[in-house]
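The sequence lines fix the lettering, A, B, ..., with proteins before strands; numbering per chain opens at 1. Computation of the quantities below employed the complete heavy-atom set of this structure, encompassing side-chain atoms and omitting hydrogens, waters and symmetry-equivalent molecules. Everything numeric in this text was worked out from a predicted model, so none of it was measured.
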Protein chains: 2
Amino acid sequence: MTTNAIARTRRFHRAVTSEVGALDSSFLGRGRPLGPARVLHAIGNGLSDVAEIRAHLKLDSGLMSRLLRGLEDEGLVTVTASESDARRRSACLTPAGKAEFAEYEALSDQQASAILSRHPHPEALLQAMDLVATALGFDRTAIQPVPVSDPRAQACLATYYGELARRFPAGFDVSLSADPEARDMEPPRGAFLLAVLDGMAIGCAGLKGTDKGYAEVKRVWVAPSARRMGLAGFLMRAIEDEARALGIATLRLDTNSALPEAVGFYRRSGWTEIPRFNDDPYPDVFFEKHL
Amino acid sequence: MTTNAIARTRRFHRAVTSEVGALDSSFLGRGRPLGPARVLHAIGNGLSDVAEIRAHLKLDSGLMSRLLRGLEDEGLVTVTASESDARRRSACLTPAGKAEFAEYEALSDQQASAILSRHPHPEALLQAMDLVATALGFDRTAIQPVPVSDPRAQACLATYYGELARRFPAGFDVSLSADPEARDMEPPRGAFLLAVLDGMAIGCAGLKGTDKGYAEVKRVWVAPSARRMGLAGFLMRAIEDEARALGIATLRLDTNSALPEAVGFYRRSGWTEIPRFNDDPYPDVFFEKHL
DNA sequence: CAGGGTGCCTGACAAAAGTCAGGCAATATC
DNA sequence: GATATTGCCTGACTTTTGTCAGGCACCCTG
């Protein structure tokens, strides 16, 4: 590691730390201390179980209790006993709370938009921010099953198709390909997994159930910002676990020699090349793996 | 501004904010509260004037006074009256303070190095961090005169020469070019300006005095992360101000048609193309400007 | 239904950070 | 040389955040 590289990294930290002061302005800009603002933000983002919020924000139980009380006194949240377990409590925004949350969101959006709009090349800046964010937090990546209809899943697939269209010599039109029915990629026939980091999907993989004695792995994609970090391996291991849990013993997949990094990855990770097993126009390489 | 772009920017903020928690671990990792640690850090980085530190850290005068007293009690700093103005005070690290500061530096270096070393492509990550840091803080850019021997100036020049070597069809060897004597680019004959952001040089420009009735503008360079943001314009205006202050009425410069963005920039900003005025082997376009 | 565990609340503190009014000495201004 | 200003200090606060022990209601287990 050169001294220069460390100096540049630390310069980045300095820049970002002072910018986080400005970011806090979107947290502090409404005359509320950081603690209550963070709790409000967490609730607004869908966390309701008090214990979950506490774990997420790493707050002491006593402090959490008082912060919630404060928000209740302001009329922003209501706290009720959870239905399934009356010891647990569940927080939820009142209409006033929702309005207040929306104001915080607007502040954050404004700030994000300000940064982007004063830059001469926003797309390059976004790509750089994605790369940095993924590098900083990669360990926090969570792999979770979602319905294919989840908007984040759809966004991944759209990017994936766009990339195939650019990389296949003849382009790519998903409607000509054997597009799996959504319910083939949902339990109990299959699964669709999303790799999520800081709320953004950075990869996906589908498991498509068939009636032919095997399941197919489809739509394995990793965001450019997360490549070469081993995410495909995590996704494939998770897909194999899903398959085992569904009682599937054989997996197949197809890919294209225009994607050499994918072909190499499957070769390296225990897949065996087999003859063509479908008549999809796009793939030209076929693999199988027994679990 | 698309919604997606804002979401990506905000995701970056989230990622970086939680990483700043980790950064604070390098500030808090030595059992000292944030306040005193920040003051120690500021003094270690060369700030000594108490009022300057206060302005930089945005601290109340009372709080600042107490923090300094705490560091004095720990034996880490000594505070003395300033020589020029006995109302002002000046803080300076004791040997123990220097050792403590070095420990903080080591923690920060370790953290920077950890981020880089776990990434598959550190140079790409560094470039992304540079781009983001420059975008976030561009308004804070300071243009300051330095001796050409300043290590930051030398680093800029080395990068500049490297870039010329890549872009000139026949390469670039500074020893074959008319490399100005250092003292031609220092007062009273000339100047060398550095654009500094968060402690890192992101651009430079030299003013080389001659005995021929004009001064030359040399070594105008902007870091890749800061291009297209108008920095060259700021630098040139500052160079012109320096020239006027030195009583110089005519500026000349040479450049190369392999650098079309530079040629275009000079054409747009009031320079007149003139015939070749030197026998340097590299340039093929020549400009003049009267102040 | 007794006993142990869990989730949240309360009270009592303590540390850290921030605020404000006044005070003192040095300096600038007229 | 009187007067105002500046830079820092001190004391006396408040707010925010964090910590800890105990308590109560609820849940699970046998």
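Across the protein-nucleic acid pair, B/I53 atom CD1 and D/dG7 atom C1' stand 14 Å apart, rounded to whole Å. The interatomic distance linking B/E52 (CD) with D/dC8 (C1') rounds to 15 Å, in whole Å. Straight-line distance from the CG atom of A/L57 to the P atom of D/dT17: 12 Å, rounded to whole Å. Atom CG in B/L67 sits roughly 13 Å away from atom P in D/dT10 (whole-Å rounding). Straight-line distance from the CG atom of B/L63 to the C1' atom of D/dT14: 14 Å, rounded to whole Å. With rounding to whole Å, B/K58 atom NZ is found 17 Å from C/dA17 atom P. The separation between B/D60 atom CG and C/dA17 atom C1' is 10 Å, rounded to whole Å. In this structure, CG of A/L34 is placed 15 Å from C1' of C/dG18, rounded to the nearest angstrom.
Inspection of the A/S61 and A/R66 side chains reveals no N or O donor paired with an N or O acceptor under 3.5 Å. In the model, A/S113 has no side-chain atom that pairs as donor or acceptor with a side-chain atom of B/R10 under 3.5 Å.
Residue B/R32 is out of contact with every strand shown, counting any heavy-atom pair closer than 4.0 Å. Contacts of A/D85 with the nucleic acid, taken as non-hydrogen atoms under 4.0 Å apart, involve only primed sugar atoms and P, OP1 or OP2. Across all strands, B/R66 comes closer than 4.0 Å to base atoms (heavy-atom distances). Counting non-hydrogen atoms under 4.0 angstrom, B/R38 reaches nothing in the nucleic acid.
In the set D/dT17, D/dC8, C/dC8, the nucleotide with an atom closest to the side chain of A/R88 is C/dC8. Among the nucleotides C/dC8, D/dC8, D/dA25, the one closest to any side-chain atom of A/R87 is D/dA25. Taking every side-chain heavy atom of B/R69 into account, D/dC9 is the closest of C/dC9, D/dC9, D/dC20. Across C/dA16, D/dT10, D/dG18, the shortest atom-to-atom separation from the side chain of B/S65 is found for D/dT10.
In terms of modelled atom types and a separation under 3.5 Å, the side chain of A/Q144 and the main chain of A/L193 share no donor-acceptor contact.
Once rounded to the nearest 0.5 Å, the distance linking CG of B/L116 with NE2 of B/H119 reads 9.0 Å.
Between B/F138 and B/F234, the ring planes lie tilted relative to each other; the angle falls in the 30° to 60° range.
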